Amino acid sequence: MDRKLRRNEPRRSTSILSHWTLRYFLILCIGFIIIVAGALYWIRTTSIEKSLKTAELLGLEIADRVTIDNNKLHVPPDLDTMVTKREKLFNTDHYFCVMVLDNNNQLIFSQPKMTQEEVFYRLSDDFREPRNNKYAGVTVSINEGDQSLGKVWVMQSKQSLTFGPETMWLVLLILGGLILCGWFTIYLLSNKLSRPIRQVAYAAEQIRGGNYDVSLDINTREREITELVSSFRDMATRLRQLEEWRTLSLAGVSHELKTPVTSIKGLVMAVRDDVVSPQEGKEFLDIALKESERMERMIADLLDYNAMSAGSVAVRKERTDLQLLVGEIIYQWKIAYEDKTPEVELHAPAGPLYTIGDTLRIQQIIVNLLNNGLQATPSGQTAKFDIELRAEEDHLFIDVQDYGTGISEADQPKIFERFYRGEIKKRRNRGLGLGLTYSRLLANAQNGELSLASSTPDGSKFTLRLPRWKTPKHVTKEQTYPSPVKA
């Protein structure tokens with residue numbers, strides 16, 4: 001149990017600057033150490049090879065100076081002086097020595113002076129290599145004709161052949177300088193990259209706390225960071241607008257739903273308390289019924305919009321004769337508003353016009369446009385509509401022209417926004433402002449589009465675009481799939 005609890009504990013977080021700077025610094029140190037180790041090994045091997053070749057030259061020079069008399073070796077008296085001068089070419093230490101041995105490995109000459117026992121200490125038992133592998137040496141034979149009469153040994157420590165303490169300190173200083181320069185460069189880059197991210201993170205914290213008025217004064221040349229900051233600014237602006245819209249829409253929805261509830265409550269209480277006469281009570285109940293129906297429509301609009309936004313409204317796509325469908329919609333709509341005697345004229349080209357869509361959803365769109373036009377008609381004036389069907393190569397168009405009061409220029413860009421209602425419409429009718437928004441969603445779901453073509457004080461014209469059905473080449477028999485239209 002304790003083990004599970006420990007696993008679920010959150011890891012301690014660090015700043016992005018500390019996190020990446022530390023890791024880059026460690027990677028940099030490891031990389032430089034590997035490079036320096038390889039370079040030192042290569043330098044050491046190369047230095048030993050070159051130093052041994054120089055020592056071999058010294059051995060050849062000494063072998064040339066040694067004379068032979070009756071198969072015996074004779075060392076010239078100035079050999080000490082010559083060896084001392086040549087030592088200046090070597091990075092010598094206390095182990096540097098030159099030895100001349102005869103054919104029996106007896107010491108003839110040495111620099112510095114040493115005994116035969118010291119020779120045994122420095123060389124192996126067979127006198128062919130140094131006894132200690134920390135030292136290196138070369139041997140040059142002293143020959144007379146084809147006969148070898150002795151050898152010259154030049155020995156020194158491997159450490160002196162490669163590099164001394166001064167060289168090591170210099171390498172370490174260079175390595176330290178490179179690491180510091182690399183770390184400083186990484187720190188500057190990490191700091192530059194993390195600064196805008198820190199500011200964005202702080203702004204996100206402010207937004208999470210409900211403060212949407214954040215400012216990001218970040219100027220950078222990095223395209224990705226610029227895009228991130230720009231997107232974050234847009235997101236913050238959009239969130240602020242959404243929050244304002246949520247507050248206003250919630251207040252508007254509450255107000256619009258509260259008004260009929262209050263009206264119904266007052267009317268019913270008046271009838272219950274016998275404040276009005278029986279005849280007036282019946283009128284009050286009729287008014288209450290109309291208010292309840294209006295509230296029911298608003299709730300239905302709200303539910304339909306939410307369902308459509310969530311993608312839970314199914315949209316069928318069937319081949320439909322658009323001219324026949326629109327004619328049926330107009331006929332049924334006029335029956336529903338027979339008391340207001342609206343006039344609707346349908347203009348369509350000759351011949352059938354087939355579209356691919358959902359007849360029920362097309363009916364909802366057109367009926368909503370007709371209802372809006374009916375509401376926009378001034379009181380005492382007969383509502384008139386002109387509906388025209390047009391065809392293009394790939395699309396069909398339904399133009400719905402009403403002759404109401406029109407939509408103001410200030411309201412035209414916002415009429416398809418959810419819960420938006422113009423000032424004139426607010427004064428005339430109560431609603432939630434979801435009709436056009438829902439209709440546009442239905443049109444988009446059918447690969448179409450609903451738009452406002454024009455609007456003047458003499459009326460408004462909306463255009464519904466739908467995809468046109470074309471007969472496939474492999475289909476020889478015409479088929480139709482009519483869908484019933486709701487009355």
Side-chain angles (χ1 to χ4, degrees), residues 19-65 79 82-101 105 110-112 114 118-143 148 151-190:
H19 180 82
W20 288 112
T21 301
L22 179 60
R23 277 154 179 76
Y24 284 147
F25 178 73
L26 292 177
I27 294 172
L28 192 66
C29 290
I30 294 172
F32 273 123
I33 289 173
I34 294 174
I35 293 173
V36 170
L40 290 177
Y41 177 79
W42 178 79
I43 292 172
R44 181 175 181 271
T45 303
T46 306
S47 299
I48 290 175
E49 291 178 356
K50 291 183 178 179
S51 298
L52 291 178
K53 288 182 180 180
T54 305
E56 187 177 1
L57 293 176
L58 177 60
L60 289 172
E61 186 177 2
I62 294 173
D64 290 339
R65 288 177 175 270
L79 189 58
M82 188 271 291
V83 172
T84 302
K85 291 180 179 179
R86 299 299 184 267
E87 284 183 7
K88 297 178 180 179
L89 300 175
F90 298 87
N91 182 22
T92 60
D93 57 9
H94 67 280
Y95 198 84
F96 179 83
C97 68
V98 177
M99 297 178 293
V100 179
L101 306 179
N105 295 318
S110 66
Q111 175 70 16
M114 64 181 66
E118 293 175 331
V119 174
F120 291 139
Y121 174 76
R122 289 177 180 265
L123 298 177
S124 62
D125 294 339
D126 56 1
F127 295 92
R128 291 184 178 180
E129 58 185 15
R131 188 174 293 274
N132 194 332
N133 59 7
K134 293 183 180 180
Y135 308 105
V138 294
T139 177
V140 178
S141 299
I142 302 174
N143 300 324
S148 177
K151 63 185 72 174
V152 178
W153 268 99
V154 180
M155 297 181 60
Q156 61 188 121
S157 65
K158 292 181 180 180
Q159 183 176 358
S160 64
L161 291 175
T162 54
F163 30 76
E166 297 81 3
T167 306
M168 288 297 299
W169 278 110
L170 179 61
V171 171
L172 290 176
L173 287 175
I174 294 175
L175 175 62
L178 290 175
I179 290 176
L180 288 177
C181 291
W183 173 81
F184 185 68
T185 303
I186 291 170
Y187 176 81
L188 292 179
L189 291 175
S190 300

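This structure is a prediction, so every number in the text was calculated from the model and none was measured. For this chain, numbers begin at 1 and follow the sequence in order.
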*asked:* Can you tell me how far apart CZ (F120) and CZ (F127) are? Round to the nearest 0.5 Å.
replied: 4.0 Å

*Apply the test side chain to side chain contact (heavy atoms under 4.5 Å, CB included) to residues V154 and E56: give CA-CA distance (whole Å), side-chain angles for both, the deciding distance (0.1 Å), then the verdict.*
CA-CA 7 Å; V154 180; E56 187 177 1; over 6 Å; no

*Between SG of C97 and CD of Q111, what distance do you get to the nearest 0.5 Å?*
10.0 Å

*Set of residues satisfying side chain to side chain donor-acceptor pair (under 3.5 Å) with respect to R131, sequence neighbours excluded*: D125

*Qualifying residues under side chain to side chain donor-acceptor pair (under 3.5 Å), relative to E118, sequence neighbours excluded*: none

_Which residues share a ring-ring contact (aromatic ring centres under 6.0 Å, His included) with F32, sequence neighbours left out_ = none

*If you measure from CG on L60 to CZ on R65, what distance do you get to the nearest 0.5 Å?*
13.0 Å

*Going by heavy atoms in the side chains, are V98 and W153 under 4.5 Å from each other?*
no

*Roughly how far, to the nearest 0.5 Å, is the OH atom of Y121 from the CE atom of M114?*
11.5 Å

*Do S124 side-chain atoms and E129 backbone N/O form a donor-acceptor pair below 3.5 Å?*
yes

_Atom pair CD/OH of Q156 and Y135 - distance to nearest 0.5 Å_ = 12.0 Å

*Drop me the distance from L123's CG to T139's OG1, to the nearest 0.5 angstrom.*
9.0 Å

_Distance-only side-chain donor-acceptor flag, S141 / N143, under 3.5 Å_ = no

*Evaluate the side-chain proximity of I142 to V100: yes if any heavy-atom separation is below 4.5 Å, no if none is.*
yes

*Shortest non-hydrogen contact from M82 toward I62*: CE-CG1, 3.6 Å

